[in-house]
Every structure is written in structure tokens, then in C-alpha cells.
Trainee: 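This is the structure I have questions about; it appears just below.
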Amino acid sequence: MTQDLELQQDAITTVRKFFAALEHGPVSDALDLLHPDVVWKNTSLPDLGGGLARKVLLGLDKDAFGFGVEMHHIAADGNIVLTDRTDILRFGPVRIAFWVTGTFELRDGRIILWHDHFSWENFLRGTAVGLFRAVLPRG
């Protein structure tokens, strides 16, 4: 039983470290937590395999782009981690916040599956709010 709890806690810690590295850098630390055979799935978008997933994530290392996360809930069952969170994508002055649930599967202590589910309606609403806030003068 203790071993199961340790495995679950290790899996949660890995996913938290992954998001922290995406958010605060260096992104290379996040990439180190991905299994070479990782598959990144997003609702209704094409799956990204290891090399392509890494290339997309490396784009976050540019000044014009950024990523943030507000973790609402995180739970594990063995090597499977479930997240309920708000992701924040930044493109210059535009910040797009939208709700995401994710499933992470770990193998050998690294993320081999990252499967996110989100609502396109929620994403588009977040985009509209982000654009509105970017063009509004702040006083």
C-alpha cells in the first residue's frame, strides 16, 4: 500500500514539475520529463509524437510566447495522473485563459501520454476576452 502511494505521489510530482518548467522555464527541464515515445493529444487536433511535441513546446522559449497554468485539482491512480486546470497561452500582449482537463500516463517516471480535453467554445471565449483586454487602455 505504501509503495502505491509513493508511486502516485511521484507521478503527481512529475506532472507538477512538468507544468512548472513550461511556465517558468527552462522548457528543456519540461522536455526532460517526457518519455522519448510521448504522444500529446488535444481535443479534435492531430496527435503530436515525441519530436514534434518537443518542437512545439520549445516555441514557448521565445519572448513573444508564454504559458501559464492554474492547477485546480490533481489526482493519481498509479502511473495515471488527472488534472483539472486553467491554461493560459500568451501571444505578445494577448493572454488566452481556458479550462482544460488532462490525463497523463507515466512510464519509467516520464510522461508517455499527455491527453488534454478542452471546449472550443471556452477557448474562443478566452481568446475574445484576451483580445479585448489587450486593446483596452489601462488606467
Trainee: T43 side chain to F118 main-chain N or O, any donor-acceptor pair under 3.5 Å?
Mentor: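 Yes.
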Trainee: Checking side-chain polar atoms at under 3.5 Å, does S44 have a donor or acceptor matched by the opposite partner on W120?
Mentor: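 Yes, because at least one side-chain N or O of S44 sits under 3.5 Å from a partner of the opposite role on W120.
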Trainee: Might you point out which heavy atoms bring K41 and D47 nearest each other, and give the distance in Å?
Mentor: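 In this case the closest contact between K41 and D47 is NZ-OD2, 3.1 Å.
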Trainee: To check you understand the geometry: which heavy-atom pair defines the closest contact between I88 and A97, and what is its length?
Mentor: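 Reported closest heavy-atom pair: CG1-CB, 4.0 Å.
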Trainee: Treating T86 as the side-chain partner and E70 as the backbone partner, does any N or O pair qualify as donor plus acceptor under 3.5 Å?
Mentor: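 No, because the side chain of T86 does not come within donor-acceptor range (under 3.5 Å) of the backbone of E70.
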Trainee: Given the rule in the side chain to side chain contact (heavy atoms under 4.5 Å, CB included) test, do T83 and M71 qualify, once you have shown the distances and angles that lead to the verdict?
Mentor: CA-CA 7 Å; T83 62; M71 191 68 67; 3.8 Å; yes
Trainee: Hey, any chance V15 and I112 share a hydrophobic cluster, counting ILVMFWY side chains that come within less than 4.5 Å of each other, even indirectly?
Mentor: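 Per the 4.5 Å side-chain linkage, V15 and I112 are not co-clustered.
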Trainee: Please confirm whether the backbone N or O of V69 pairs with a side-chain atom of D87, one donor and one acceptor, at under 3.5 Å?
Mentor: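 Looks like no, no N/O pair under 3.5 Å.
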Trainee: Can you check whether V94 reaches I96 side chain to side chain, under 4.5 Å on heavy atoms?
Mentor: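 Yes, at least one pair of side-chain atoms sits under 4.5 Å.
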Trainee: Should V38 and L113 count as side-chain neighbours, where that means a heavy-atom distance under 4.5 Å?
Mentor: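 No, too far: nothing below the 4.5 Å cut-off.
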Trainee: Are the charged groups of K17 and D32 less than 4.0 angstrom apart, N to O?
Mentor: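 Result for this pair is no, no salt bridge flagged.
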Trainee: Do the non-hydrogen side-chain atoms of F104 and I74 ever get within less than 4.5 Å of each other?
Mentor: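 F104 does not reach I74 side chain to side chain.
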Trainee: Less than 4.5 Å apart, side chain to side chain, heavy atoms only: is that true for W99 and D84?
Mentor: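 Heavy-atom side-chain distance check passes, below 4.5 Å.
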Trainee: State, yes or no, whether a side-chain contact exists between L31 and L57 at a heavy-atom distance under 4.5 Å.
Mentor: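 SC-SC contact between L31 and L57 confirmed.
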Trainee: Please give me the minimum heavy-atom distance between G78 and A11, naming the atom from each residue.
Mentor: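 Reported closest heavy-atom pair: O-CB, 3.8 Å.
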Trainee: For A21 versus A30, what's the shortest heavy-atom pair and its separation?
Mentor: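 Reported closest heavy-atom pair: CB-N, 3.4 Å.
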Trainee: Do R95 and R133 come within less than 4.5 Å of each other through their side chains, counting heavy atoms only?
Mentor: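 Not in contact.
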Trainee: So L48 and V56, do their side chains get closer than 4.5 Å, heavy atoms only?
Mentor: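 Yes, side chains in contact.
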Trainee: Mind checking what makes ring-ring contact (aromatic ring centres under 6.0 Å, His included) contact with H117, not counting sequence neighbours?
Mentor: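 Applying ring-ring contact (aromatic ring centres under 6.0 Å, His included) to H117 gives H115.
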Trainee: By side-chain hydrogen bond (donor to acceptor under 3.5 Å, both in side chains), which residues pair with R125, not counting sequence neighbours?
Mentor: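 Once residues adjacent in sequence are excluded, the partners of R125 under the side-chain hydrogen bond (donor to acceptor under 3.5 Å, both in side chains) criterion are E121.
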Trainee: Do you know the tightest heavy-atom contact between R110 and P36?
Mentor: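 Reported closest heavy-atom pair: NH1-CD, 3.9 Å.
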Trainee: Give a yes or no answer on whether the side chain of R54 reaches the backbone of L34 with a donor-acceptor pair at less than 3.5 Å.
Mentor: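 Yes, the answer is positive, given that a donor and an acceptor are paired below the 3.5 Å cut-off.
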Trainee: Which atoms form the tightest heavy-atom contact between A76 and I12, and what is the distance?
Mentor: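 The answer is CB-CG1, 3.6 Å.
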Trainee: Output the distance between atom OG1 (T101) and atom CG (L82), rounded to the nearest 0.5 Å.
Mentor: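 One finds 8.5 Å between OG1 of T101 and CG of L82.
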Trainee: Step by step, work out the side chain to side chain contact (heavy atoms under 4.5 Å, CB included) result for V129 and F98.
Mentor: CA-CA 10 Å; V129 169; F98 59 104; over 6 Å; no
Trainee: So how far is it from Q9 CD to R16 CZ, rounded to the nearest 0.5 Å?
Mentor: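 Q9 CD to R16 CZ: 8.0 Å, rounded to 0.5 Å.
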Trainee: Applying ring-ring contact (aromatic ring centres under 6.0 Å, His included), which residue pairs with at least one partner in residues 38-74 are found, sequence neighbours left out?
Mentor: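 Residue pairs with at least one partner in residues 38-74: W40-W114, F65-F91.
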Trainee: Answer yes or no: is there a side-chain heavy-atom contact under 4.5 Å between L106 and V81?
Mentor: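 Yes, side chains in contact.
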